[in-house]
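Report on one structure; see the data block that follows.
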Amino acid sequence: MGFFTSTPTAYFNSFSPLNEISLPSSPFKPLKLPPYWPWQKVKIGPLSVSPMGFGTWAWGNQLLWGYQESMDTELQQTFNLAVDNGINLFDTADSYGTGRLNGQSEKLLGKFIREYQGQKRVQNEIVIATKFAAYPWRLTPGQFVNACKASLDRMQIEQIGIGQLHWSTANYAPLQELALWDGLVAMYEKGLVQAVGVSNYGPKQLVKIYEYLKDRGVPLCSAQVQFSLLSMGQDQLEIKNICDSLGIRLIAYSPLGLGMLTGKYTPSKLPRGPRAFLFRQILPGLEPLLSSLREIAQKRRKTVPQVAINWCICMGAIPIPGVKTIKQAEENLGALGWQLSSGELLQLENAALESPQRMIQNIFQT
């Protein structure tokens, strides 16, 4: 069975107005229009967002991503560059940040929004999607609502765009799971969030929470899962099909496989920190996929990460690659404004099937 259940181009066209846009030909390059199609938007429930968002897991994470507070100036410049070029979706979580820096990602995001110097309209259109951790001490709906209020306080904003349950507790604490669902309902009814979503939900629990929220008059707008050419399994395909049938928007985290799909690493050139162990296990089996990514990138005059991210967009997902430098943001922005052909999508699908290793799925995915 292949990755696609319908024509890949149909996936893309059903989610994006890209093909409806035509620009007048001109020998002059516009001076002020950014080059990354900032007017292209897709829907998450009531919200209009860019077809790619940026993830902020690294903002405050010293263990995995080597964060230092000295990086904050470049992080703010990176944020400004993204917003100036039409990115208005930023994903974070109340658990992002290690040790004393817990919640640092939300704090920085709120600060950067407040200090953004661009147009007020652009600033007001920024959508924050944050995730609330299913910590074992969050046992009641009221405690989950308080978690949402704490995130609002950290970011110093009045309303969150998408409030997401970070993971399911169904496998180990099913009663807590129901309380957290009621917490999502409560924060939506109180107007603390504009929309609700889930993260790391498998097919069965995704359908259950969709029906539960629907009965309470609350639409489930998004489902965030690990989704890339490196993590395509039967569960991921089933989740994608469920999202399509129920009108839930799929948000793809780790679209570059923690960096393995950037083409920058080899078995003899590994990243520092805990990622090195995982890369050492998986990279040797990825050559068919990386080779196809390089071939298409060269032909397209794109980079390997741009091709990998564009694949996610063509699948109808909203990828949220992580960014912590201006260079990364500039490269990721180059994934917008163009579209892989059906032949290229098929080539990548076959190459992924030929690569024996896969990303380890999140242990909390139900």
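Of all heavy-atom pairs spanning Leu289 and Leu348, the tightest one is CD1-O, 4.0 Å. The shortest heavy-atom contact between Ala179 and Leu139 is CB-O, 3.2 Å. The shortest non-hydrogen separation linking Ser228 to Pro255 is CB-O, 3.3 Å. The heavy-atom pair separating Ile87 from Met52 by the smallest distance is CD1-O, 3.3 Å. The two residues Gly161 and Leu47 come nearest to each other via the heavy atoms O-CD1, 3.7 Å. The minimum heavy-atom distance linking Pro288 with Ala351 is given by the pair O-CB, 3.5 Å.
A salt bridge does not link Glu295 with Lys299: every distance from a Lys NZ or Arg NE/NH1/NH2 to an Asp or Glu carboxylate oxygen is 4.0 Å or more. Between Glu344 and Lys302, none of the side-chain N atoms (NZ, or NE/NH1/NH2) sits under 4.0 Å from a carboxylate O, so this pair counts as no salt bridge. At a threshold of 4.0 Å, the pair Glu287-Arg294 counts as salt-bridged, since one of the basic side-chain nitrogens sits closer than that to a carboxylate oxygen.
With hydrogens and angles ignored, the 3.5 Å screen pairs a side-chain donor or acceptor of Lys240 with a backbone N or O of Met315. In terms of modelled atom types and a separation under 3.5 Å, the side chain of Gln194 and the main chain of Pro46 share no donor-acceptor contact. The main-chain N or O of Trp338 is found under 3.5 Å from a side-chain atom of Asn310 such that the two form a donor-acceptor pair. Using a distance-only test at 3.5 Å, with no hydrogens or angles considered, a donor-acceptor pair links the side chain of Thr56 to the main chain of Asp91. Under a 3.5 Å cut-off, the side chain of Glu74 and the backbone N or O of Ile326 do form a donor-acceptor pair. With hydrogens and angles ignored, the 3.5 Å screen pairs a side-chain donor or acceptor of Gln306 with a backbone N or O of Thr303. Checking side-chain atoms of Ser254 against main-chain N and O of Leu256 turns up no donor-acceptor pair under 3.5 Å. Side chain of Gln236 to backbone of Gln226: a donor-acceptor contact under 3.5 angstrom is found. Looking at Thr140, its side chain does come within 3.5 Å of a backbone N or O of Gln143 through a donor-acceptor pair. Proximity of a side-chain donor or acceptor of Asp235 to a complementary backbone N or O of Gly202 within less than 3.5 Å is not detected.
Here the CG atom belonging to Leu75 is positioned 10.0 Å from the NZ atom belonging to Lys111, to the nearest 0.5 angstrom. The CG atom of Leu270 lies 10.5 Å from the CE atom of Met260; values are rounded to the nearest 0.5 Å. Rounding to the nearest 0.5 angstrom, the gap separating the CD1 atom in Ile248 from the CD1 atom in Ile239 is 10.5 Å. Interatomic distance, Leu340 CG to Ile309 CD1, rounded to the nearest 0.5 Å: 11.5 Å. In this structure, the separation between CG on Leu261 and CG on Leu230 is 5.0 Å, given to the nearest 0.5 Å. Atom CG of Leu89 is separated from atom OG of Ser48 by 11.5 Å, given to the nearest 0.5 angstrom.
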### Task
Show your reasoning for whether side-chain contact (heavy atoms from CB on, under 4.5 Å) applies to Leu108 and Gln104.
CA-CA 6 Å; Leu108 287 174; Gln104 181 77 348; 3.9 Å; yes
### Task
Run the numbers on Val218 and Leu184 for side-chain contact (heavy atoms from CB on, under 4.5 Å), then give the verdict.
CA-CA 9 Å; Val218 179; Leu184 284 177; over 6 Å; no
### Message
Apply side-chain contact (heavy atoms from CB on, under 4.5 Å) to residues Cys221 and Arg249 and explain how you reach the verdict.
### Response
CA-CA 6 Å; Cys221 291; Arg249 176 65 69 171; over 6 Å; no
### Task
Start with the C-alpha gap between Glu331 and Lys327, add the side-chain angles, then the distance that decides, and say whether salt bridge (charged side-chain N to carboxylate O under 4.0 Å, His left out) holds.
CA-CA 6 Å; Glu331 182 166 34; Lys327 183 179 179 182; over 6 Å; no
### Task
Start with the C-alpha distance between Val42 and Val49, add both sets of side-chain angles, then the distance that settles side-chain contact (heavy atoms from CB on, under 4.5 Å), and finish with yes or no.
CA-CA 5 Å; Val42 295; Val49 302; 3.8 Å; yes
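Looking at heavy atoms from C-beta onward, Arg300 lies in side-chain contact with Ser341 at the 4.5 angstrom threshold. Between Thr92 and Ile128 the shortest side-chain heavy-atom distance falls below 4.5 Å. Ile162 has its side chain out of reach of Val193: every pair of non-hydrogen atoms, C-beta onward, lies at least 4.5 Å apart. Contact check for Phe90 versus Ile126: side-chain heavy atoms found under the 4.5 Å cut-off. Side-chain contact between Leu109 and Arg154 is absent, with no heavy atoms from C-beta onward closer than 4.5 Å.
A perpendicular orientation is assigned to the rings of Phe79 and Tyr116, their planes being inclined by more than 60° (bins at 30° and 60°). In this pair, Trp167 and Tyr135 present their aromatic rings perpendicular. The plane angle is above 60°, beyond the 30 to 60° band. Under the 30°/60° scheme for interplanar angles, the aromatic rings of Phe132 and Phe144 are found to stand perpendicular.
A donor and an acceptor atom, one from each side chain of Thr130 and Ser151, are nowhere located under 3.5 Å apart. Glu115 and Asn80 form no side-chain donor-acceptor contact under 3.5 Å, judged by distance and modelled atom types alone. Neither side chain, Ser50 nor Lys41, offers a donor N or O lying under 3.5 Å from an acceptor on the other. With hydrogens and angles left out, the side-chain atoms of Gln205 and Glu177 include a donor and acceptor closer than 3.5 Å.
When the salt bridge (Lys or Arg N to Asp or Glu O under 4.0 Å) test is applied to Arg216, the partners found at least two apart in sequence or on another chain are Asp182.
Remark: aromatic rings of Phe54 and Trp59 are distant, center separation not under 6.0 Å.
Considering Arg138, Lys107, Lys131, Lys149 in turn, Arg138 is the only one that fulfils the salt bridge (Lys or Arg N to Asp or Glu O under 4.0 Å) rule with Asp94.
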